[in-house]
Amino acid sequence: QVQLVESGGGLVQAGGSLRLSCAASGRTFSNCAMGWFRQAPGKEREFVAAISWRGRSAYYVDSVKGRFTISRDNAKNTVYLQMNSLKPEDTAVYYCAARRVAAPTGRINEYDYWGQGTQVTVSS
């Protein structure tokens with residue numbers, strides 16, 4: 001079992017930056033790929049970024065490429081999402097997720113564990 005707790009959300013002006021963190025606990029964080037997803041009001045949850053267990057592979061949705069960076073520190077059992085040049089359309093609840101395989105994916109139904117989410121609001 002893996003428990004995930006996100007932090008770092010908040011209110012920021014367009015063009016600003018935030019760094020989200022996802023702290024994992026539980027013995028099975030090892031060999032888990034991690035992902036970030038988001039859900040805006042009235043919309044479905046969508047993939048944002050994912051990273052492999054060793055951090056060698058990372059994937060992003062096109063809308064955040066060049067602005068967001070996913071990273072992880074396995075010694076701290078923590079995954080990060082650095083978000084720069086934020087836009088109002090980035091406003092959403094951001095969720096951290098873990099899957100019990102090393103390879104990342106953008107498919108939401110292939111993640112086994114989810115955090116409770118952290119709100120990110122970008123004002124124009």
Side-chain angles (χ1 to χ4, degrees):
Q1 193 76 3
V2 176
Q3 293 80 42
L4 304 172
V5 178
E6 302 96 335
S7 62
L11 174 64
V12 64
Q13 289 188 334
S17 298
L18 284 174
R19 188 175 82 155
L20 305 183
S21 299
C22 173
S25 60
R27 63 177 294 274
T28 57
F29 184 74
S30 298
N31 294 317
C32 285
M34 302 294 294
W36 285 97
F37 293 77
R38 65 187 180 186
Q39 187 167 17
K43 295 188 177 181
E44 294 186 351
R45 194 171 298 188
E46 66 169 356
F47 168 72
V48 176
I51 190 167
S52 61
W53 156 238
R54 296 191 183 278
R56 294 172 181 169
S57 299
Y59 301 97
Y60 301 89
V61 67
D62 286 346
S63 60
V64 307
K65 285 180 180 177
R67 300 189 298 122
F68 291 10
T69 302
I70 188 171
S71 62
R72 66 190 297 163
D73 184 340
N74 289 343
K76 297 181 178 179
N77 284 357
T78 302
V79 177
Y80 305 97
L81 185 67
Q82 178 67 44
M83 305 186 296
N84 299 327
S85 302
L86 283 161
K87 304 175 181 180
E89 51 263 43
D90 294 319
T91 295
V93 177
Y94 283 71
Y95 297 91
C96 174
R99 67 188 302 242
R100 290 174 292 187
V101 295
T105 179
R107 291 187 285 272
I108 190 170
N109 61 353
E110 295 193 11
Y111 284 82
D112 303 295
Y113 307 103
W114 292 84
Q116 293 300 305
T118 185
Q119 176 71 47
V120 171
T121 303
V122 184
S123 63
S124 58

Reported OG-to-CG distance for the pair Ser25 and Leu4, which is rounded to 0.5 angstrom | 7.5 Å
Any idea which heavy atoms bring Tyr111 and Gly35 closest together, and the distance?
-> CE2-N, 3.6 Å
Checking side-chain contact (heavy atoms from CB on, under 4.5 Å) for the pair Asp90/Arg67: CA distance, chi angles, key distance, verdict?
-> CA-CA 11 Å; Asp90 294 319; Arg67 300 189 298 122; 2.8 Å; yes
Do Met34 and Tyr113 have side chains that get closer than 4.5 Å, going by heavy atoms?
-> no
Shortest non-hydrogen contact from Leu81 to Ala49?
-> CD1-CB, 4.2 Å
Which atom pair, heavy atoms only, marks the closest approach of Asn77 to Asn74?
-> OD1-O, 3.1 Å
Are the charged groups of Lys65 and Asp62 less than 4.0 angstrom apart, N to O?
-> yes
Between Arg19 and Tyr80: side-chain donor-acceptor atoms closer than 3.5 Å | no
Calculate, to the nearest 0.5 Å, the distance between atoms CD and CZ belonging to Gln1 and Arg100 respectively.
-> 8.5 Å
From Met83 atom CE to Ile70 atom CD1, the distance as rounded to the nearest 0.5 Å | 12.0 Å
Please confirm whether the backbone N or O of Lys76 pairs with a side-chain atom of Thr78, one donor and one acceptor, at under 3.5 Å?
-> yes
How far apart are the closest heavy atoms of Ser57 and Pro104, and which atoms are they?
-> O-CG, 4.3 Å
Can you measure from CZ (Arg72) to SG (Cys22) and round to the nearest 0.5 angstrom?
-> 9.5 Å
Between Arg38 and Ala92 the two heavy atoms that sit nearest each other are CB-CB, 3.8 Å
Criterion side-chain contact (heavy atoms from CB on, under 4.5 Å) against Phe68, the qualifying member of Leu18, Val48, Leu20 = Val48
Are any non-hydrogen side-chain atoms of Trp36 and Glu6 less than 4.5 angstrom apart?
-> yes
Closest approach of Ala24 to Val2 (non-hydrogen atoms, all atoms of both residues) = CB-CG1, 4.2 Å
Do Phe47 and Phe37 have their ring centres less than 6.0 Å from each other?
-> yes
Judged by modelled atom types alone, do Ser17 and Asn84 share a side-chain donor-acceptor pair under 3.5 Å?
-> yes
Does Arg99 make a cation-pi contact with Trp53 (under 6.0 Å, within 45 degrees of the axis)?
-> no
Mind checking the CD1-CD spacing from Ile108 to Gln39? Nearest 0.5 Å is all I need.
-> 7.5 Å
Distance in Å, Tyr94 OH paired with Thr118 OG1, rounded so as to fall on 0.5 Å steps | 10.5 Å
Looking only at side chains, do Ser123 and Gln13 share a donor and an acceptor under 3.5 Å apart?
-> no
